[in-house]
Amino acid sequence: MGRPTRASRALSQNFLTDRGAAARLAGLAVPRPTPLLLEVGAGKGALTELLAPRCRRLRAYEIDSRLVPALRERFSDAPQVQVIEGDFLVARPPRARFAVAGNVPFSRTADIVDWCLRAPALADATLLTQLEYARKRTGDYGRWTQVTVLSWPRHEWRLVGRVGRHSFRPAPRVDAGILRIERRRTPLLGPAALHGWRHLVELGFSGVGGSLHASLCRAHPRRRVDAAFRAAGLDRRLLVGEVAPDNWLRLYKALMP
């Protein structure tokens with residue numbers, strides 16, 4: 001038997017070793033059988049093992065070539081599992097509806113989330129990320145980020161669980177959060193409205209002392225901005241990060257022609 005494979009700092013590896021946490025993640029990622037699931041960073045297969053029975057097809061991506069032979073051996077009797085050696089981020093998104101799950105490298109979280117948001121056929125993504133990242137993106141602090149607001153008409157973001165740092169080997173410095181991103185079956189805005197939505201959100205986050213009201217007044221008459229804030233039930237003193245996505249939608253509908 002060879003030596004155990006050590007985690008690579010360069011690849012930001014922290015293997016999930018808590019089977020209870022892995023089972024909870026699998027249940028949240030695939031609450032019902034799914035035709036196609038892509039796993040980001042299969043690692044040593046702890047999560048793969050629990051995802052496999054829930055999928056008709058499972059593509060398990062692993063960038064660390066040291067881990068791939070053991071993974072393929074472990075799932076050699078599971079015909080629905082395809083272990084793919086390589087970087088998930090260079091994979092072409094499937095054309096058929098699919099889901100994503102994984103214990104993602106913390107240093108690559110933003111790129112993986114961006115890949116998911118750009119995939120037209122994505123149904124949902126359930127990702128184990130830094131807790132701080134998950135809380136910021138889901139409004140758990142009472143504040144919202146630009147990426148969440150921009151994607152809100154098509155994607156819902158939720159923090160659905162937490163996993164302590166000691167559930168990993170090696171243990172990271174911080175706890176993890178289970179981030180769930182679901183593509184809405186019926187978008188909140190139609191395709192023709194999305195350009196105006198992007199313009200409004202980017203303008204709002206462009207920054208005039210953090211004031212959303214002041215930022216919007218740079219491109220719209222003050223009286224119209226005032227009326228939009230009243231229609232949305234918003235205080236003009238709110239900072240941009242304090243405005244929830246649903247209130248952005250009210251502003252958009254009140255402000256845009």
Participant: Apply the side-chain contact (heavy atoms from CB on, under 4.5 Å) test between Phe229 and each candidate in Leu255, Asn247, Leu212, Asp235; give the one that qualifies.
Facilitator: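 Single side-chain contact (heavy atoms from CB on, under 4.5 Å) partner of Phe229 among Leu255, Asn247, Leu212, Asp235: Leu212.
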Participant: Run the salt-bridge test on Arg162 and Asp140 with the 4.0 Å N-O cut-off and return the result as yes or no.
Facilitator: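 Salt bridge present between Arg162 and Asp140.
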Participant: Hey, does Leu179 have a side-chain heavy atom less than 4.5 Å from the side chain of Thr109?
Facilitator: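 No, too far: nothing below the 4.5 Å cut-off.
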Participant: Would you please test Ser206 and Arg218 for side chain to side chain contact (heavy atoms under 4.5 Å, CB included) and show each step?
Facilitator: CA-CA 10 Å; Ser206 64; Arg218 295 164 66 191; 2.8 Å; yes
Participant: Would you please say whether a donor-acceptor pair under 3.5 Å links the side chains of Arg137 and Thr148?
Facilitator: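 No, because no side-chain N or O of Arg137 sits under 3.5 Å from a partner of the opposite role on Thr148.
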Participant: Going by heavy atoms in the side chains, are Arg56 and Pro35 under 4.5 Å from each other?
Facilitator: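 Touching, per the 4.5 Å side-chain cut-off.
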Participant: Kindly check if the number of other-residue, nucleotide or ligand heavy atoms within 6.0 Å of CG (Asp77) is above 12?
Facilitator: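 Check fails, neighbour count at 12 or below.
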Participant: State, with a plain yes or no, whether a side-chain heavy atom of Val243 is found less than 4.5 Å away from one of Arg250.
Facilitator: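 Sidechains of Arg250 and Val243: no contact.
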Participant: Determine whether the aromatic ring centres of Trp248 and Phe205 lie less than 6.0 Å apart.
Facilitator: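 Aromatic pair counts; centres sit under 6.0 Å.
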Participant: Would you kindly say whether Trp144 and Thr138 are connected by a side-chain donor-acceptor distance under 3.5 Å?
Facilitator: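 On atom types as modelled, these side chains do not qualify, holding no pair under 3.5 Å.
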Participant: Within the 3.5 Å criterion, strictly below it, is a donor on Asp226 or His213 matched to an acceptor on the partner's side chain?
Facilitator: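 A pair is found: one side chain offers a donor N or O, the other an acceptor, under 3.5 Å apart.
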Participant: Hey, any chance Leu234 and Leu239 share a hydrophobic cluster, counting ILVMFWY side chains that come within less than 4.5 Å of each other, even indirectly?
Facilitator: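 No: no chain of side-chain contacts under 4.5 Å links Leu234 to Leu239.
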Participant: Glu132 and Tyr141: side-chain donor and acceptor closer than 3.5 Å?
Facilitator: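 Yes, Tyr141 and Glu132 have a side-chain donor paired with an acceptor closer than 3.5 Å.
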Participant: Does any non-hydrogen side-chain atom of Trp157 lie less than 4.5 Å from one of His155?
Facilitator: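 The answer is yes, as the side chains (C-beta and beyond) meet within the 4.5 Å cut-off.
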Participant: Walk me through it: do Arg154 and Arg183 pass the test side chain to side chain contact (heavy atoms under 4.5 Å, CB included)?
Facilitator: CA-CA 6 Å; Arg154 290 189 172 184; Arg183 178 180 288 274; 4.3 Å; yes
Participant: Sub-3.5 Å donor-acceptor pair from the side chain of Glu202 to the main-chain atoms of His199, do we have one?
Facilitator: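 Here the side-chain-to-backbone pair does not exist.
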Participant: Do Glu49 and Lys44 sit within salt-bridge range, that is, some charged N less than 4.0 Å from a carboxylate O?
Facilitator: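 Judged by the 4.0 Å cut-off on N to carboxylate O distance, Glu49 and Lys44 do not form a salt bridge.
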Participant: State, to 0.1 Å, how close Pro245 and Val149 come at their nearest heavy-atom pair, and which atoms those are.
Facilitator: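 Looking at all heavy atoms of both residues, the closest pair is CG-CG2, 4.4 Å.
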Participant: Just checking Arg224: does its CZ atom have more than 12 heavy atoms from other residues, nucleotides or ligands closer to it than 6.0 angstrom?
Facilitator: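 Atom CZ in Arg224 is packed in, count exceeds 12.
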Participant: Hey, any chance Phe88 and Tyr133 share a hydrophobic cluster, counting ILVMFWY side chains that come within less than 4.5 Å of each other, even indirectly?
Facilitator: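 Same hydrophobic cluster.
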Participant: Apply side chain to side chain contact (heavy atoms under 4.5 Å, CB included) to the pair Glu39 and Asn103, showing each step before the final yes or no.
Facilitator: CA-CA 8 Å; Glu39 183 186 5; Asn103 170 27; over 6 Å; no
Participant: I'd like to know if Val201 and Leu249 are part of one continuous hydrophobic network [Ile/Leu/Val/Met/Phe/Trp/Tyr, side-chain heavy atoms within less than 4.5 Å].
Facilitator: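 Looking at the clustering, Val201 is in the same group as Leu249.
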Participant: Within the distance-only criterion (no hydrogens, no angle test), does the side chain of Tyr252 pair as donor or acceptor with the backbone N or O of Ala193 below 3.5 angstrom?
Facilitator: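 The answer is yes, because a donor-acceptor pair under 3.5 Å joins these two groups.
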Participant: Between Arg180 and Glu156 (salt bridge meaning N to carboxylate O under 4.0 Å), is one present in this structure?
Facilitator: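 Salt bridge absent between Arg180 and Glu156.
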Participant: Answer yes or no: is there a donor N or O on one side and an acceptor on the other, between the side chain of Glu62 and the main chain of Gly43, under 3.5 Å?
Facilitator: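 Looks like yes, one N/O pair under 3.5 Å.
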Participant: Could Arg184 and Trp152 be counted as a cation-pi pair, given that NZ or CZ must be under 6.0 Å from the ring centre and within 45° of the axis?
Facilitator: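 The answer is yes, since Arg184 meets both limits relative to Trp152.
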Participant: Any side-chain heavy atom of Arg198 within less than 4.5 Å of one from Leu150?
Facilitator: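 In short, these two side chains touch, coming nearer than 4.5 Å.
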Participant: Heavy-atom count check: over 12 atoms from other residues, nucleotides or ligands less than 6.0 Å from Glu73 CD?
Facilitator: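 12 or below, so no.
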Participant: For a side chain to side chain contact (heavy atoms under 4.5 Å, CB included) check, start with the C-alpha distance between Arg135 and Thr129, then their side-chain angles and the critical distance, and finish with the verdict.
Facilitator: CA-CA 10 Å; Arg135 295 190 69 188; Thr129 73; over 6 Å; no
Participant: Can you tell if the side chain of Leu89 reaches within under 4.5 Å of the side chain of Ile63, non-hydrogen atoms only?
Facilitator: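 The answer is no, as the side chains (C-beta and beyond) never meet within the 4.5 Å cut-off.
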Participant: For residues Arg74 and Thr48, is any side-chain donor paired with an opposing acceptor at under 3.5 Å?
Facilitator: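 Their side chains do not contain a donor-acceptor pair, so the 3.5 Å distance test is not met.
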Participant: Mind listing the closest non-hydrogen atom pair of Ala29 and Ala101 along with its distance?
Facilitator: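 Scanning both residues, the minimum pair turns out to be CB-CB, 3.7 Å.
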Participant: Would you find a donor on one side and an acceptor on the other, under 3.5 Å apart, between the side chain of Asp124 and the backbone of Ala99?
Facilitator: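 No, Asp124 side chain to Ala99 backbone: no donor-acceptor pair under 3.5 Å.
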Participant: Quick check: closest heavy atoms across Leu159 and Ala134, and the distance to 0.1 Å?
Facilitator: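 Scanning both residues completely, I find the closest heavy atoms to be CD1-CB, 3.8 Å.
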Participant: Where the side chain of Gln80 meets the backbone of Ala52, is there a donor-acceptor pair that is under 3.5 Å apart?
Facilitator: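 Present.
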Participant: Given salt bridge (charged side-chain N to carboxylate O under 4.0 Å, His left out), test Arg118 with Asp114 step by step and report yes or no.
Facilitator: CA-CA 6 Å; Arg118 287 187 288 103; Asp114 183 62; 2.9 Å; yes
Participant: Is it the case that one hydrophobic cluster holds both Leu131 and Val104, taking links as side-chain heavy atoms less than 4.5 Å apart, direct or via other members?
Facilitator: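 No, no single cluster joins them.
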Participant: Examine distances only and state if a side-chain atom of Trp197 and a backbone atom of Pro153 form a donor-acceptor pair shorter than 3.5 Å.
Facilitator: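 Flag not set: sc Trp197 to bb Pro153 has no pair under 3.5 Å.
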Participant: Is any side-chain heavy atom of Val100 closer than 4.5 Å to a side-chain heavy atom of Trp115?
Facilitator: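 Yes - at least one pair of side-chain heavy atoms lies under 4.5 Å apart.
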Participant: Just wondering, do Arg72 and Glu85 contact through their side chains at under 4.5 Å, heavy atoms?
Facilitator: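 In contact.
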Participant: Where the side chain of Asp175 meets the backbone of Arg165, is there a donor-acceptor pair that is under 3.5 Å apart?
Facilitator: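 Yes, Asp175 side chain to Arg165 backbone: donor-acceptor pair under 3.5 Å.
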Participant: Please report the closest heavy-atom contact between Leu36 and Arg59, naming both atoms and the distance.
Facilitator: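 Closest approach of Leu36 to Arg59: CD1-NE, 4.0 Å.
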Participant: With clusters built from Ile, Leu, Val, Met, Phe, Trp and Tyr whose side-chain heavy atoms come within less than 4.5 Å, directly or transitively, what are the remaining members of the cluster of Val160, listed by chain and number?
Facilitator: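 For the cluster that includes Val160, the remaining residues are Leu16, Leu25, Leu28, Val30, Leu37, Leu47, Leu51, Leu58, Val68, Leu71, Phe75, Val81, Val83, Leu128, Val163, Phe168, Ile178.
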